[in-house]
K.L.:
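So that we are looking at the same thing, I have put the structure below in structure tokens.
The sequence lines fix the lettering, A, B, ..., with proteins before strands; numbering per chain opens at 1.
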2 protein chains.
Amino acid sequence: MENSELLKLEEFLPYRLSVLSNTVSRGISAAYVDRFGLSIREWRIIAVLGRFPGLSAADIVKRTEMDKVAVSRAVARLIGDGRLERSLSDADKRRSVLVLSGEGKRLYDQISPMAKNYEERLLKCLGSEDQDRLSDILDNLQKQAIALRPSS
Amino acid sequence: MENSELLKLEEFLPYRLSVLSNTVSRGISAAYVDRFGLSIREWRIIAVLGRFPGLSAADIVKRTEMDKVAVSRAVARLIGDGRLERSLSDADKRRSVLVLSGEGKRLYDQISPMAKNYEERLLKCLGSEDQDRLSDILDNLQKQAIALRPSS
DNA sequence: ATAAATTAGTTACAGATGTAACGATTATAC
DNA sequence: GTATAATCGTTACATCTGTAACTAATTTAT
């Protein structure tokens, strides 16, 4: 018989979250992002700028939970690929002002509905009550995970 | 007023899963894994071998959802650090037989309870009903995410 | 019995990532 | 007003990661 004290990886919440998140991210990449030559991070930046044009890199950091170096690199590539345009803030010459280019907007308009559709199909396995419950649960877990961080 | 058609990243399930999983993984790393000089992947291998001694690398792949290359590399490092011991299967000389060394067992015995404790504190933000519900929901989402994979 | 196909695991290479250090600009303190 | 500190973003470096190619052992087919 098995010792019930042993940690069972397949029931361990952090592990399950990691596996699920990876499966989902890969699914999205394979379905919608790879074929446009976008990384997940680039796609996230497109997504926030599609909704909030003119954000600075630091604003994107706050909105995406990405590291500032990761944002810097992804933005540099997006600009290089003609998907973003950057100018400098008049008020603060350190701050960038980022907007989607025409090409970037087209990407956003194309990928956005696909992403929503993916989410819809993913959530289809849950009843609407569970969908709502999941949302609350994720909020609570996120807050708790932050509270458990050593730095907190 | 805001266009409700726009994709809101902060409500987008794949994004929320990714952020939560990262926050949790980092929390665990910072709290229990970093200070033993283990990566998350090394820790996972320790965890499965603590419960199932004698697995092969391929068995670990199946049990951890890790890539075989990632397993190969993590196992090599664990052996180099004296935390694992490897022998070859008699029946099939390609297969490795992996077991924790004394040092590996001590790590397992030390980290396992800490990991469980972390999970417990994380889940404390949910009622017991929500905890059960979450488990079911994650199972369903995982199956659905696999079903939505292009390769499926 | 032998050739072809499959499996286990490693290696090689390119690209991604995290951390720390950095230059430039702005804010704060005195 | 000047020195100090904080902020914005980039660069450098080491490490990690994924994909594909590879060797060795085993299985399958004939």
K.L.:
Look only at the side chain of A/Ser25 and the backbone of A/Ser21, and say whether a donor-acceptor pair between them is shorter than 3.5 Å.
P.N.:
yes

K.L.:
Looking at every strand, decide which applies to A/Ser96 at a 4.0 Å heavy-atom threshold: base, sugar-phosphate, or nothing.
P.N.:
sugar-phosphate

K.L.:
When you check every protein heavy atom under 4.0 Å of nucleotides 18-29 of chain C, what one-letter string (B, S, -) results, 5' to 3'?
P.N.:
BBB---BBS---

K.L.:
Roughly how many Å is it from NZ in B/Lys62 to P in C/dT7, rounded to a whole number?
P.N.:
10 Å

K.L.:
Output every pair passing side-chain hydrogen bond (donor to acceptor under 3.5 Å, both in side chains) with a member in residues 88-99 of chain A, not counting sequence neighbours, ordered by first then second residue.
P.N.:
A/Ser56-A/Arg95, A/Asp59-A/Arg95, A/Asp92-A/Arg94

K.L.:
Under a criterion of less than 4.0 angstrom to any heavy atom of chain A, what are the 5'-terminal and 3'-terminal contacting nucleotides of DNA chain D?
P.N.:
D/dA6 to D/dG18

K.L.:
For A/Arg77 and A/Arg73, indicate whether the former's side chain and the latter's backbone hold a donor-acceptor pair under 3.5 Å.
P.N.:
no

K.L.:
Rounding to an integer number of Å, can you tell me how far A/Arg77 CZ sits from C/dA16 C1'?
P.N.:
9 Å

K.L.:
Establish, for the pair B/Arg44 and A/Tyr15, whether the NZ or CZ atom is under 6.0 angstrom from the six-membered ring centre and no further than 45 degrees off its axis.
P.N.:
no

K.L.:
Looking at A/Glu65 and B/Arg16, is there a salt bridge between them, counting it only when a charged N and a carboxylate O are closer than 4.0 Å?
P.N.:
no

K.L.:
Hey, is A/Glu103 close enough to A/Arg106 for a salt bridge, meaning N to O under 4.0 Å?
P.N.:
yes

K.L.:
Taking A/Gln144 for its side chain and B/Arg121 for its backbone only, find out whether a donor-acceptor pair lies under 3.5 Å.
P.N.:
yes

K.L.:
Is B/Ser72 near enough to C/dT10 that one of its side-chain N or O atoms lies under 4.0 angstrom from OP1 or OP2?
P.N.:
yes

